[in-house]
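Because the structure is a prediction, the values reported are computed rather than measured.
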Amino acid sequence: MGWAGPLCTRTLADLGADVIKIEAIQYPDWWRGVDRRPAYINDQMYEKKACFCVMNRNKRGITLDLKRPQGLALAKRLLTGADVAIDNYSVDVLPKLGLGYNVLRDINPRLVVISMSAFGADSVHRDCRAYGSTLEQGSGLPGVIGSCDDPPVMSHVAFGDAVGGLNGCAAVLIALIHARNTGHGQFIDLAQIECMMPFVAPWLTVHSIGGMPPPRYGNRHPQFVPHGCFQCAGEDSWIVVTATDQEMWQRLALLIGRPGWAADPSLASAEARRGIEHLIEIAIEKWTLARGPQEAMSEMQAVKVAAGVARLPIDLLNDPHLKSRAFLQEIERAFVGLHPQPSMPIREGGRPYAIRTAAPTLGEHNGEILSELLGLSEAEIVQLAREGIIGTAMLSQKEPAMIKEARPN
């Protein structure tokens with residue numbers, strides 16, 4: 001549910017895997033929305049959430065109530081022929097449902113199972129629930145980023161989710177190589193908190209060497225001077241600028257109208273410029289405030305100074321670099337219509353990976369999967385829908401688990 005597990009599986013799906021997302025009409029992916037009031041349900045707003053649509057493309061979807069014997073049995077039959085099983089619940093959820101690794105290994109010895117819990121099955125914090133923000137706080141990252149006089153600063157509302165999802169995908173791909181070579185699957189205990197640790201590694205290293213509190217740089221950099229985010233003309237407009245070597249520093253100084261700095265040999269090194277870093281930043285921002293962010297970036301890049309506009313997400317829809325790489329692709333989806341999707345940021349050859357299908361509506365592929373993969377008859381599928389084991393509509397707060405009339409699949 002949410003971001004971490006779905007991003008792991010979406011990346012696999014983008015790479016060509018046949019990913020089957022299992023939800024339930026009683027408790028579907030909460031990125032569809034957690035509003036269970038009748039108006040939200042009746043208007044099927046859970047099919048219109050942009051975050052769900054982006055995170056679950058290229059997948060097929062089935063609804064199974066895993067808390068009931070029929071749903072659990074069908075899930076086991078699906079896993080018998082699967083290569084991978086992925087979950088990002090807390091560590092005891094699947095074992096309590098009867099889908100622990102010992103059970104799954106017996107029904108499919110080649111199966112790779114990855115548990116993407118917050119702190120891992122062997123941690124003293126194994127029973128703690130967490131979201132991406134919890135993981136970032138737990139890693140210590142907010143204590144070392146930001147300015148030295150600031151309180152702890154979070155980089156994103158749920159940074160840990162995305163990091164955990166990408167690490168989970170990498171772990172699965174490695175495990176699949178092992179399964180292909182040996183014929184044996186394995187259990188991957190991926191603690192998402194550990195995936196955050198590389199971001200804190202530079203400060204841990206500094207602290208372990210000198211024993212001093214880790215330095216906080218804000219938008220500055222331990223090696224490059226200047227390095228920062230500077231305001232431009234216009235509302236909430238910013239540009240990121242840095243000088244990575246002496247020649248780039250000299251070109252930057254000339255551009256912003258400080259030829260004396262460019263010619264001063266005592267400012268040739270980043271260490272020397274550190275002493276007047278605040279004056280350099282004032283001069284840069286005086287120059288950027290007289291220009292829009294796109295103009296400022298173009299002028300800096302024209303003289304080979306590293307610079308980039310800090311864009312709002314909505315602005316990425318019209319970013320010329322992304323357009324030239326066909327990064328955005330349009331896909332048609334029920335309830336939403338034609339809408340743009342960001343493609344994979346990596347590619348093989350000259351073309352991006354194709355977005356083959358839109359995110360599944362709730363239970364969209366129930367009949368397809370149950371009949372083609374498990375051999376169920378139409379009558380059996382209708383009975384499952386009548387009993388609420390499968391379905392295509394989210395239940396409201398007051399709706400009973402047993403469905404009296406079969407819903408179409």
Side-chain angles (χ1 to χ4, degrees), residues 1-23 28-29 31-32 44 46-64 75 78-79 81-88 111-112 114 116 161-162 165-173 175-177 179-180 313 316-317 319 321-374 390 392 408-409:
M1 294 189 176
W3 195 0
L7 177 59
C8 173
T9 51
R10 192 199 75 179
T11 308
L12 293 169
D14 286 347
L15 292 170
D18 179 14
V19 175
I20 296 175
K21 182 179 181 68
I22 299 178
E23 302 177 78
D29 189 327
W31 263 20
R32 290 185 182 274
Q44 294 182 287
Y46 54 87
E47 298 292 10
K48 304 171 186 179
K49 303 295 287 188
C51 52
F52 179 88
C53 292
V54 170
M55 205 49 54
N56 291 282
R57 64 171 184 239
N58 287 338
K59 303 177 187 179
R60 294 195 286 172
I62 185 173
T63 50
L64 292 173
L78 282 174
L79 290 166
D83 297 298
V84 184
I86 298 173
D87 88 277
N88 65 319
L111 187 67
V112 171
I114 179 169
M116 295 175 55
D161 278 321
L166 294 174
N167 276 265
C169 177
V172 166
L173 292 173
L176 285 172
I177 295 173
R180 178 177 293 179
L316 298 179
L317 295 175
D319 182 89
H321 295 285
L322 296 181
K323 280 188 173 183
S324 70
R325 291 177 57 80
F327 178 68
L328 293 168
Q329 301 178 33
E330 290 193 327
I331 190 74
E332 184 82 26
R333 184 181 185 273
F335 301 97
V336 177
L338 194 66
H339 64 287
Q341 284 259 350
S343 63
M344 284 272 282
I346 60 173
R347 60 185 61 188
E348 294 177 275
R351 299 182 61 82
Y353 288 94
I355 298 176
R356 304 183 302 278
T357 58
T361 57
L362 191 62
E364 178 180 352
H365 303 100
N366 285 346
E368 175 184 312
I369 293 170
L370 293 174
S371 61
E372 295 180 7
L373 295 185
L374 301 186
I390 65 173
T392 58
N409 294 314

> Is R60 salt-bridged to E364, going by a charged N under 4.0 Å from an acidic O?
Replying inline: no
>> Could you tell me if the side chain of L78 sits less than 4.5 Å from the side chain of L373, heavy atoms only?
In response: yes
> Does the side chain of I390 reach to within under 4.5 Å of the side chain of L64, using non-hydrogen atoms?
Replying inline: yes
> Around atom CD of E330, are there more than 12 heavy atoms of other residues, nucleotides or ligands at under 6.0 Å?
Replying inline: yes
> Considering all heavy atoms of both residues, which atom of P28 and which atom of M1 are nearest to each other, and what is their separation?
Replying inline: O-CE, 3.4 Å
> Just one of L317, L316, L328 clears the side chain to side chain contact (heavy atoms under 4.5 Å, CB included) bar with P342, so which one?
Replying inline: L328
>> Can you confirm whether H365 sits close enough to I20 that some side-chain heavy atom of one is under 4.5 Å from a side-chain heavy atom of the other?
In response: no
>> Within this structure, what is the NZ-CZ distance for the pair K48 and F335, rounded to the nearest 0.5 Å?
In response: 7.5 Å
> Between V19 and N58, is any pair of side-chain heavy atoms under 4.5 Å apart?
Replying inline: no
>> Quick check for you: to the nearest 0.5 Å, what is the distance between Q341 atom CD and R333 atom CZ?
In response: 9.5 Å
>> What verdict does the side chain to side chain contact (heavy atoms under 4.5 Å, CB included) test give for D161 and L7, after you've listed the backbone C-alpha separation in whole Å, the side-chain angles of each residue and the deciding distance to 0.1 Å?
In response: CA-CA 8 Å; D161 278 321; L7 177 59; over 6 Å; no
> Closest heavy-atom contact between D14 and R356?
Replying inline: O-NH1, 4.0 Å
>> Is there a side chain to side chain contact (heavy atoms under 4.5 Å, CB included) between L362 and Q44? Walk through the geometry before answering.
In response: CA-CA 10 Å; L362 191 62; Q44 294 182 287; over 6 Å; no
> Which atom names give the shortest non-hydrogen contact between P6 and N56, and what distance separates them?
Replying inline: CB-OD1, 3.9 Å
> What's the shortest heavy-atom distance between S343 and Y353, and which atoms?
Replying inline: CB-O, 4.1 Å
> If you take all heavy atoms of E368 and S371, which pair is closest and at what distance?
Replying inline: O-OG, 3.4 Å
> So, for C8 and I86, which heavy atoms are closest and what is the spacing to 0.1 Å?
Replying inline: SG-CD1, 3.8 Å
> Are E47 and V336 side-chain neighbours, meaning at least one heavy-atom pair lies under 4.5 Å?
Replying inline: no
> If we only count heavy atoms from C-beta on, is the K21 to D29 side-chain gap below 4.5 Å?
Replying inline: yes
> Could you give all pairs that pass the side chain to side chain donor-acceptor pair (under 3.5 Å) test and reach residues 1-13, with sequence neighbours left out?
Replying inline: T9-K59
> Side chains of L370 and I62: closer than 4.5 Å at any heavy-atom pair?
Replying inline: yes
>> Any heavy-atom pair between the side chains of T361 and T392 that's under 4.5 Å?
In response: no
